[in-house]
Amino acid sequence: VQLQASGGGLVQPGGSLRLSCAASGTIFSINDMGWYRQAPGKERELVATITHNSNTNYADSVKGRFTISRDNAKNTVYLQMNSLKPEDTAVYYCSAEIRRFPVRDLYLDYWGQGTQVTVSS
């Protein structure tokens, strides 16, 4: 199983970006999916998560600005980021709880490779 994240880049304060993360490989079912970020010198922190039924959870710092969504048919999770601030600068990682087989298997956490988001004028 692989998670491929894309969509990062350089954007001015107040701008927008949309991140995507597609899971591929042998996949039977995906439970929760999410986005995390890690700024230089800081620990990785939760940005947003979404359940299979699209219930969402956000960090207080991004509420009202970021929107997480998913397309279960495409095994893909998205993060729409609006009104970006310099403090949003970080490497963004996607994650997913994936079960590969219908029997005798468990949900395991998988991570993408990270995509850089830089907010600067």
Side-chain angles (χ1 to χ4, degrees):
V1 173
Q2 289 188 330
L3 270 64
Q4 183 67 46
S6 61
L10 173 64
V11 64
Q12 292 187 342
S16 298
L17 282 174
R18 189 190 193 212
L19 305 183
S20 299
C21 176
S24 62
T26 301
I27 297 172
F28 171 72
S29 177
I30 301 179
N31 197 8
D32 291 359
M33 304 183 82
W35 289 95
Y36 294 74
R37 66 187 181 186
Q38 188 168 18
K42 295 187 177 181
E43 294 186 351
R44 189 174 298 189
E45 63 176 2
L46 179 146
V47 176
T49 60
I50 185 168
T51 68
H52 183 79
N53 295 325
S54 293
N55 293 313
T56 59
N57 178 55
Y58 295 94
D60 288 342
S61 59
V62 307
K63 282 181 181 177
R65 301 188 298 121
F66 291 10
T67 302
I68 189 170
S69 61
R70 64 190 286 173
D71 184 333
N72 290 332
K74 296 182 179 180
N75 292 334
T76 299
V77 61
Y78 306 96
L79 186 67
Q80 178 66 43
M81 304 185 293
N82 298 328
S83 302
L84 282 161
K85 305 175 180 180
E87 50 264 43
D88 294 318
T89 296
V91 177
Y92 284 70
Y93 298 90
C94 58
S95 72
E97 296 178 352
I98 296 175
R99 182 174 177 177
R100 299 182 63 200
F101 304 102
V103 295
R104 297 181 181 178
D105 198 17
L106 301 173
Y107 283 100
L108 297 178
D109 290 332
Y110 291 85
W111 291 85
Q113 83 285 6
T115 184
Q116 177 71 45
V117 172
T118 302
V119 185
S120 175
S121 55

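Computation of the quantities below employed the complete heavy-atom set of this structure, encompassing side-chain atoms and omitting hydrogens, waters and symmetry-equivalent molecules.
A donor-acceptor pair is defined here as one N or O able to donate and one able to accept, closer than 3.5 Å; such a pair exists between the side chain of D105 and the backbone of R100. With hydrogens and angles ignored, the 3.5 Å screen pairs a side-chain donor or acceptor of N72 with a backbone N or O of H52.
With rounding to the nearest 0.5 angstrom, the CG atom of D88 is 11.0 Å from the OG1 atom of T118. Summarising the geometry, atom CD belonging to E45 is positioned 11.0 Å from atom OH belonging to Y36; distances are rounded to the nearest 0.5 Å. To the nearest 0.5 Å, atom CG of residue L10 and atom CD of residue Q116 are 9.5 Å apart. One finds the CG atom of N82 at 9.0 Å from the CZ atom of R65 (value rounded to the nearest 0.5 Å). In this structure, SG on C94 lies 7.0 Å from CD on Q113, to the nearest 0.5 angstrom. Here W35 contributes atom CH2 and L46 contributes atom CG; the two are 12.5 Å apart, rounded to the nearest 0.5 Å.
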Any chance you could lay out the side-chain hydrogen bond (donor to acceptor under 3.5 Å, both in side chains) test for Y78 and T67, step after step, and finish with the verdict?
CA-CA 8 Å; Y78 306 96; T67 302; over 6 Å; no

Apply side chain to side chain contact (heavy atoms under 4.5 Å, CB included) to residues R70 and S54 and explain how you reach the verdict.
CA-CA 7 Å; R70 64 190 286 173; S54 293; 4.1 Å; yes

Start with the C-alpha distance between S20 and K74, add both sets of side-chain angles, then the distance that settles side chain to side chain contact (heavy atoms under 4.5 Å, CB included), and finish with yes or no.
CA-CA 11 Å; S20 299; K74 296 182 179 180; over 6 Å; no

Step by step, work out the side chain to side chain contact (heavy atoms under 4.5 Å, CB included) result for I68 and T56.
CA-CA 7 Å; I68 189 170; T56 59; 3.6 Å; yes

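A donor-acceptor pair shorter than 3.5 Å cannot be found between the side chains of Y107 and R99.
No path of Ile, Leu, Val, Met, Phe, Trp and Tyr side chains, each step under 4.5 Å between heavy atoms, connects Y110 with F101, placing them in separate hydrophobic clusters. In the hydrophobic cluster analysis, where Ile, Leu, Val, Met, Phe, Trp and Tyr join through side-chain heavy atoms closer than 4.5 angstrom, L3 is grouped together with I50. Cluster annotation: L84 is not connected to Y93 through the hydrophobic network of ILVMFWY side chains, with a link wherever side-chain heavy atoms come within less than 4.5 Å. Under the 4.5 Å side-chain heavy-atom criterion for ILVMFWY residues, a single connected hydrophobic cluster contains both Y58 and V117. When the side chains of ILVMFWY residues are joined at heavy-atom separations under 4.5 Å, either directly or via intervening members, V91 and M81 end up in two distinct hydrophobic clusters.
Counting non-hydrogen atoms of neighbouring residues, nucleotides and ligands closer than 6.0 angstrom, the CD atom of E87 exceeds 12 such neighbours.
Taking both residues in full, the closest heavy atoms of I30 and A23 are given as CD1-CB, 4.1 Å, listed atom of the first, atom of the second, then distance. The two residues P13 and S121 come nearest to each other via the heavy atoms CD-N, 3.7 Å. The shortest heavy-atom contact between L19 and G8 is CD2-N, 3.6 Å.
Annotation: side chain of R37 is not in contact with side chain of L79 (no heavy-atom distance under 4.5 Å).
Ring planes of Y92 and F66: tilted class, angle from 30 to 60°.
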